[in-house]
Amino acid sequence: MRTTFTALATIFALTACGQTSNTSPTTGTETPNVEVAAEPTAEEIAAETERLNTWFEEKFEAEVLESPIQLTFLGRDERQGEIDDFSEAGLDAQLERSRANLAELQANFDYNKLSPDAKISYDIWVYQAERAEAADEFRYNTYVFEQMQAIHSFFPQLLIAFHKVIDGEDMDNYLTRVSGSAVAIDQLIAASKRVAEDGVRPPYFAFESVINEAGKVITGAPFDESGEDSAVWADAKAKIANLLEQGEIDQAKADQLTADIRTALIEEWQPAYERLIAWQEEDRVNATAEAQGVSALPNGIAYYNERLANQTTTNLTADEIHEIGLAEVARLRGEMETIKDEFGFDGTLPEFFVFLRDTKDDERLYYPNTDEGRQGYIDDATAAIDGIKAVLPDYFGILPKADMVVKRVEPFREQAGAAQHYFPSTPDGSRPGVYYAHLLDMKQMPKRELEVIAYHEGLPGHHMQIAIQQELEGVPTFRTQAGFTAYSEGWGLYSEWLSKEMPGTFQDPLSEFGRLGSEIWRAVRLVVDTGLHAKGWTEQEAIDYFLANTAAPEGQARSEVRRYIVLPGQATSYKIGMLKIQELRRKAEAELGDDFDIRAFHDTILGGGAMPLAILERRVDEWIADVKAS
């Protein structure tokens, strides 16, 4: 899963966005205001396209400079000592800038005089504008603190994993970010209180998770006398010691930084987290005893419909998505029956699920719940990804330049049974992509799932797609940073299916069962997500459906269902996106016959960056037409 955060997603989704009253043909609404005129010449198209791309660069650069966090994600040094503005006024200001940008775009450029790829850029910009406006209508329906996007755990992660420290000035900026993080926490508390005024609050379990994880952040020195350092304090001391060792700072500067960061952590960081914990404890009593989907919240059905459109980039209804899920579950159960028999299990498919779920001491099924077992998981996942690297040129013309690594999730945010996830590399490749695995309880990490998850999160999945997108040079920069869940997660799930075509993968029945289990998992999501949010399902009903159709351990199933409850619609994007990419591949194979080139098809999918599925289909159609014409 390519991770975002509630508040960060609001900010980053608005980059290069704004309101529009009429859009391009690809968005399915009205078309731009263009006059019917003679066909533009090649020179006119080149000139207007160049002018538009220059405008895109100027606007994207101005907008990205408004976000210190995104600058850090991009590996840039500007505003390194700052944190984004999470206040209501900050969100309003960004939306107003975006609206002004869109009005300027529509008033100053002739859509008919753009190249095909420039029209795609125009359409993506407008689509993002529509998406941002639709989302902002439900600003007060969104949970601020919950266990999945975990904005409360992001600030230590920003400092530890993303804040680059090369010299003393970088460490000064680290110090000011400690203070800035405390301000951000208070702004987010204010946002949470605002939505609570409307009766919008996450389920009971989210409060428990936030309180627990926020407590972890301020456990250890310098916050208490436990004898162990907190994660952020250990990180700060290690980075100061490294600068001293490298000769970048002297002892006096090291002592000053150590003292100042300790003071900021105790006097600003810790009180902010204590205020968060106090607010969560205060509001927890107002949560319902049983978790409910968002349809139970004020304006909940409309909010869920917006979420489905946002996450799938389609107009599919909850009922349609539910039925697609039921059909896919039935199809995949049939394939799983075959693999069960191949494995040699003498029993029904539900009995096989139970065998895989409950036989914890079988070394074929689980790693030991020890540090050696955890390292074994990391080593085997790395080896699976390395195996894919060797054959990528047979399936792709465009390859990522940035490397990637497999890591265990940091202790302060690790959760047993939680979903693995990926954090992108920098565009210049100076920071590798990271596939993070939750290894707290190895009995919730089945061996059969290792291979398929490694391909999904790493290669040819998220790292492949996101690194290539960030490294693209032939498109406006904003497209290298655009995010559409149905595209990115659709690619991740398609990559699991694609990996089966590659030599050396899924060699034993259990691994193949793991691949099918991963796919049926995403089909189950279509049923469960819509069930929870549109059909009145309870948390337990969703868990029961999950356990009846997958071999997931109960803790993992519960964790997944709770994820769907706090992130309405997000889980539907995977299967919807995969089905579209598979459909486009079948279409290209049928129309091109012997001229179909798998490498060129994948380059067409990945070579333009993330985009809504309708625009992706148009891009593939244009590629098919070009191949036929040649």
Side-chain angles (χ1 to χ4, degrees), residues 1 325 327-345 349-350 352-353 355-357 362 364-367 377 380-392 395 406 419-422 435 437 444-465 488-526 546-547 549-553 556-557 560 571 573-579 581-582 585-586 598 602:
M1 179 188 72
E328 284 293 286
V329 167
R331 178 183 66 81
L332 288 161
R333 282 182 68 105
E335 295 188 28
M336 295 173 96
E337 290 275 6
T338 301
I339 301 301
K340 170 187 70 72
D341 294 341
E342 185 180 337
F343 179 73
F345 184 81
L349 185 60
F352 191 47
F353 289 158
F355 166 74
L356 294 174
R357 184 183 300 139
D362 189 330
R364 296 174 301 169
L365 306 183
Y366 293 92
Y367 290 83
Y377 189 100
D380 289 348
T382 300
I385 291 167
D386 287 344
I388 289 288
K389 280 183 185 178
V391 299
L392 284 179
Y395 297 86
V406 183
Q420 323 315 340
H421 54 282
Y422 170 78
Y435 156 30
Q444 296 194 45
M445 299 291 290
K447 280 187 176 181
R448 67 182 180 277
E449 295 178 359
L450 178 143
E451 195 174 352
V452 69
I453 295 174
Y455 301 151
H456 180 105
E457 301 295 345
L459 297 171
H462 286 325
H463 179 67
M464 184 88 182
Q465 179 257 307
S488 58
E489 295 297 356
W491 175 262
L493 190 51
Y494 169 84
S495 72
E496 298 176 14
W497 178 78
L498 171 66
S499 296
K500 184 172 170 56
E501 300 179 13
M502 299 179 176
T505 62
F506 306 115
Q507 293 294 291
D508 65 87
L510 277 179
S511 288
E512 173 60 9
F513 197 87
R515 185 192 70 79
L516 290 172
S518 180
E519 187 173 353
I520 202 171
W521 191 306
R522 279 35 176 252
V524 165
R525 285 177 173 177
L526 300 184
F546 209 110
L547 293 174
N549 291 285
T550 76
Q556 194 174 30
E560 279 291 305
S573 59
Y574 297 68
K575 194 65 173 151
I576 297 301
M578 176 202 196
L579 290 171
I581 296 173
Q582 288 177 318
R585 177 169 164 177
R586 288 193 300 270
I598 190 64
H602 289 148

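Keep in mind that the numbers below use all heavy atoms, side chains included, and drop hydrogens, waters and symmetry copies.
Partners of Asp508 under the salt bridge (Lys or Arg N to Asp or Glu O under 4.0 Å) rule, at least two apart in sequence or in another chain, do not exist in this structure. The salt bridge (Lys or Arg N to Asp or Glu O under 4.0 Å) test applied to Asp380 returns no partner, not counting sequence neighbours. Not counting sequence neighbours, the partners of Phe355 by the ring-ring contact (aromatic ring centres under 6.0 Å, His included) test are Phe345. When the salt bridge (Lys or Arg N to Asp or Glu O under 4.0 Å) test is applied to Lys447, no partner is found at least two apart in sequence or on another chain. Residues passing the salt bridge (Lys or Arg N to Asp or Glu O under 4.0 Å) test with Glu449: none are found, sequence neighbours excluded. For Arg585, the side chain to side chain donor-acceptor pair (under 3.5 Å) partners are Tyr494, Glu501, Glu589, not counting sequence neighbours.
For the 3.5 Å distance criterion, the side chains of Ser518 and Arg522 qualify, holding a donor opposite an acceptor. Side-chain atoms of Tyr395 and His602 include no donor-acceptor pair closer than 3.5 Å.
Side-chain atoms of Glu560 and Arg525, non-hydrogen and from C-beta on, do get closer than 4.5 Å to each other. With contacts defined as side-chain heavy-atom distances shorter than 4.5 Å, the pair Leu365/Leu510 qualifies. The shortest distance between side-chain heavy atoms of Val329 and Leu526 does not fall below 4.5 Å. Residues Ile581 and Trp491 have side chains in contact (heavy-atom distance under 4.5 Å, counting atoms from C-beta outward).
Aromatic ring centres of Tyr574 and Trp521: separated by at least 6.0 Å. A ring-centre distance under 6.0 Å is found for Tyr377 and Tyr367.
Side chain of His456 to backbone of Gly492: a donor-acceptor contact under 3.5 angstrom is found. For Arg357 (side chain) and Ala552 (main-chain N/O), a donor-acceptor pair under 3.5 Å exists by modelled atom type. In this structure, Ser499 contributes its side chain and Ser495 its backbone to a donor-acceptor pair below 3.5 Å.
A salt bridge between Glu335 and Arg331 is present, with a side-chain N of the basic residue lying under 4.0 Å from a carboxylate O of the acidic one.
With Lys575 as reference, Glu519 is the one residue of Glu489, Glu519, Glu496 to meet the salt bridge (Lys or Arg N to Asp or Glu O under 4.0 Å) rule.
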What verdict does the side-chain contact (heavy atoms from CB on, under 4.5 Å) test give for Tyr435 and Gln420, after you've listed the backbone C-alpha separation in whole Å, the side-chain angles of each residue and the deciding distance to 0.1 Å?
CA-CA 7 Å; Tyr435 156 30; Gln420 323 315 340; 3.5 Å; yes
